[in-house]
Amino acid sequence: MEYNFNELEPKWQAWWRDNQTYKVDIDGSKPHFYVLDMFPYPSGAGLHVGHPLGYIASDIYARYKRLRGYNVLHPMGYDAYGLPAEQYAIQTGQHPAVTTEHNIARYREQLDKIGFSFDWSREVRTCDPSYYKWTQWTFIQLFNSYYCNQASQARPIAELVDVFAKQGTEGLDVACTEQLSFSADEWNSWDAAKRSQVLMNYRLAYLADIPVNWCAELGTVLANDEVVGGVSVRGGYPVERKLMRQWSLRITAYAQRLVDGLDQVDWTDSLKEIQRNWIGRSEGAAVWFPIKGCGDQQAAFEIFTTRPDTIFGVTFMVLCPEHELISSITTPDRKTEVEDYVAWAKNRSERERQAEVKKVSGVFTGAYAINPLTNEQIPIWVSDYVLAGYGTGAIMAVPAHDSRDFAFARHFELPIRQVVAPEPDAVSDPATWDESLDSKTGYSVNSGFVSGMKVKEAMAAVINKIEEMGIGRRTVNYRLRDAIFSRQRYWGEPFPVYYKNGIPCTIPEQCLPLELPEVKDFKPTATGEPPLGHAEIWAWDEKNCKVVNKNLIDNETVFPLELSTMPGFAGSSGYYMRYMDPHNNNAYFSKDAVDYWQNVDLYVGGAEHGTGHLIYARFWNKFLFDLGLAVREEPFQKLINQGMIQGRSNFVYRSKTDNNLFISKNVESRPANTVPIHVDINIVDNDVLDIERFRQWRPEFKDAKFELEDGKYICGWEVEKMSKSMFNVQNPDDLVARYGADTLRLYEMFLGPIEQAKPWDTNGIEGVFRFLKKFWRLYDNVSTAEPTKAELKILHQTIKKVTEDIERFSFNTSVSTFMICANDLTAAKTDKMAVLEPLVVLIAPFAPHIAEELWHRLGHTESVCAAQWPKCDEQYLVEDSFTYPVSFNGKMRFTISLPASVSQTEAIAAVTSSPDCQKWLAGATPKKVIFVPKKIINIVY
RNA sequence: GCGGAUAUGGCGUAAUUGGUAGCCGCGCCAGACUUAGGAUCUGGUUCCGAAAGGAGUGGGGGUUCAAAUCCCCCUAUCCGCACCA
């Protein structure tokens, strides 16, 4: 029988679909396991071979867990909202919903061909109203919550309202935008508008004027993780800082829990580190510095430092250009210069600023602060190396021990004073230094009461002192910023928000979903409003709880609705929970479902989401946890990052003198006389060019001539990004058509460790294909004869190795193991049922189609998915004898074969009395004999 | 600049976690069966050397009877963050 994958694969794919083989429900009699892939954004380009890499790995694990008796939830869906479909709509007028629907159909077709075991009855799409209903619902809960620092959890905002009415802000310890202070009387005297404004300071979803990343080209704001190097991740358009009124999520309230949670999950260290860096927790102190002679009042400003121990070395202060104090403290003679500088700094784009990090700029305000510990006067400067967004936007500069302060001091010839030294007496003149001494190891010097202390002790001593004096406190700062949640775009979730005479209100939960309205035009309106400004039916009738035409707005019962939509990460932050109970119309997910499935046991996806989706989803989940909905605080227990698949481009070499002549890669004269040009990898096989297809590829090559080597044209290659313009995109469908899905699956795994980035290279796929054909042939005539001990050994070795490999996600070595097994069995000419049957189960996670076919041929009527994972019987692995290499002083000299049953002493005796050993020892007594069971015997003499 | 990772044949990789380096696959070489083969099977293939032998896991040092594996110092590549006080 020939291995006819073209017939067999569609047959079983249809059979699985018709029998709902992968449909899963809550089943208390079985242990649960949840395997999740990062759902794809359905782009117009379709899948390339990089996409399925992670899906294949997770599918193998999901199938394996099923065979081990687990009830496995393995769903798939689409992250369907996003910019490309909208950009396409702007260009062509085609509705994003149509584009998205079309792309999803294409994705589904491609995915189905690879034979995944997804439970498609649980599919979710973020753009589906029955799904985004719950995205909107979560937003309303965030809006109606504040974060209590004492309880370390989100609480209903109503509680806070009660507190304000009773005691104002007295004793309050909650997350907020700025520290407010008011009494109960004040609160009670305020009107609804003022109270709403104050509450915005505390809500977890809040509206505020904040500096945002504005991308004019895309017409929208972007989150920090959507901007890299001053340009947008999508499109690479310039991004500027701009103050805008935007919805934000107070993710900073969860900063500490986001750091702590990393210790509870099984992720790679590198990804945990990426998240820790992004959150950027740093411990230090906040200190108030009074300003000298600022009227009668003792004005002061707060700084943040991680080096309180260096406070005796402060020689100037620096405020960021946005600092509110600048205008009031600047002396009249410095006014023009300072104003010019501030204006210049504000007008610089983010890209310019980042590009010129090394350039030192700044200006003196003319004002002085007082060092609270030394009473010295310290000049106050303004410079853009101090950032408004971090700490308090003001620093105490210690040029001797901070490289940036050092550069600034050198540039403006400000004094530098050493207050830390590697040894208590190792003090030198900072004027002779080439760089600052930033290390935190060493001793304080010239530092009053902390002189002589180690840096760590000095830090604690200074903090204690300033706390005692009431001018500062120990504090923690985070680099993490609140997440900007508004996008001035069409294709996203509408906010369930309307504006009642300026006061934002959420629509009642029972009215959800608030469906995305139709618009005539996907561009911003003439007045600069977001695209939803074009929608006619887009106003909220409060009385009747429904969306109505916006010309009915009277601001008494009918109000305008929010025109922004939510960002891409809104829909992807909680989709994994929705899969647990995707059709529930009364809740995000039922209590039964979450109690059973708990959280995602295994999540597979790219590390590029480390500072975006994977942070937002953790935040979202912690919030759901605080609401009592999620039962586990961390959403993704184990995370595997599949490496990026790069492209492997092929080149032909065109002669510089003859445009029609192409010279093969290894022809000696080639390098100097040719230019490489990209050639489509689909007309190259193992770096050998298909000359006929090349001539047909493009009209200008139709008369191409070739200088060959060994009768072949050999192409050059290089690793580049996989992209259409490099002609190196490998489409999985082509490979499925040529080799079958099982070969593609095995080959993608065989390519190398799952976490490693690697170029796509089809050169080895033949080997995997040969293996499957060889495996198939093993089943030509299956006999019921008893297998030999040797055959059973091969089987049980394979069971052991494959099981271990899957458990540690080392799928490339499992494929090797299968190949060794097939080679061994072919050599042994095995046709024994008892050996071959378990092997079908073993290979089923990797090559489900061939396994299903063989399983049925062996007489089963149920799916191989219902089989049991074979057990390894160790008795077959025990060796009769072992061959020990014997070495002298570490050098291998001879080997000796001994029965497996001999003891250590017997083995050593056998070796030392052997003629070979006697020869080497030459009568000497061994100093030491090292015996490593089943490995080696080593003699030191 | 800071942080993380990686480095093994012509290529992708493996090494029971300190125990005979190079499994498996590609490619290449030779052979068998074939009218033929983009089919199948067998053998060989780290390098130098005709061989005996020697060298060898990016480079240098160290620990150890024994190091690809552990420690120190370099070098290169990739990734993340980047004026974060």
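Residue numbers begin at 1 in each chain, while the letters A, B, ... track the order of the sequences.
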Measure all distances between protein nitrogen or oxygen atoms and nitrogen or oxygen atoms of nucleotides 39-46 of chain B, and list the pairs falling under 3.5 Å.
residue : atom : partner  : partner atom : Å
B:U40   : O3'  : A:Arg777 : NH2          : 3.0
B:C41   : OP1  : A:Arg777 : NH2          : 2.9

Report each atom pair, protein N/O against N/O of nucleotides 29-34 of chain B, whose distance is under 3.5 angstrom.
none

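Taking A:Asp405 as the reference, nothing meets the salt bridge (charged side-chain N to carboxylate O under 4.0 Å, His left out) condition, with sequence neighbours excluded. Take A:Trp433 and apply the side-chain hydrogen bond (donor to acceptor under 3.5 Å, both in side chains) test, not counting sequence neighbours, and it matches A:Ser428. The salt bridge (charged side-chain N to carboxylate O under 4.0 Å, His left out) check on A:Lys773 picks up nothing, with sequence neighbours excluded. Partners of A:Asp761 under the salt bridge (charged side-chain N to carboxylate O under 4.0 Å, His left out) rule, at least two apart in sequence or in another chain, are A:Arg648. Listed by chain and residue number, A:Lys638 satisfy the side-chain hydrogen bond (donor to acceptor under 3.5 Å, both in side chains) test with A:Asp266 (two or more places apart in sequence, or in another chain). By the side-chain hydrogen bond (donor to acceptor under 3.5 Å, both in side chains) test, A:Thr912 is found to be paired with no residue, residues two or more places apart in sequence or in another chain being considered.
Annotated stems with RNA chain B as a participant read B:1-7 with B:75-81, B:10-12 with B:24-26, B:27-32 with B:40-45, B:46-48 with B:53-55, B:58-62 with B:70-74, given as range with range, by first number; only runs of 3 or more Watson-Crick or G-U pairs under 3.5 Å qualify.
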Protein-to-nucleotide contact annotation, 5' to 3' order, nucleotides 72-83 of chain B [B base; S sugar-phosphate only; - none; under 4.0 Å, heavy atom]: --------SSSB

Distance-only donor-acceptor pairs under 3.5 Å for side chains of residues 313-320 of chain A, two or more places apart:
residue  : atom : partner  : partner atom : Å
A:Thr315 : OG1  : A:Pro415 : O            : 2.9

Tabulate below the donor-acceptor pairs under 3.5 Å that side-chain atoms of residues 752-759 of chain A make, not counting sequence neighbours, or state none.
residue  : atom : partner  : partner atom : Å
A:Lys758 : NZ   : A:Pro753 : O            : 2.6
A:Lys758 : NZ   : A:Gln756 : O            : 3.2

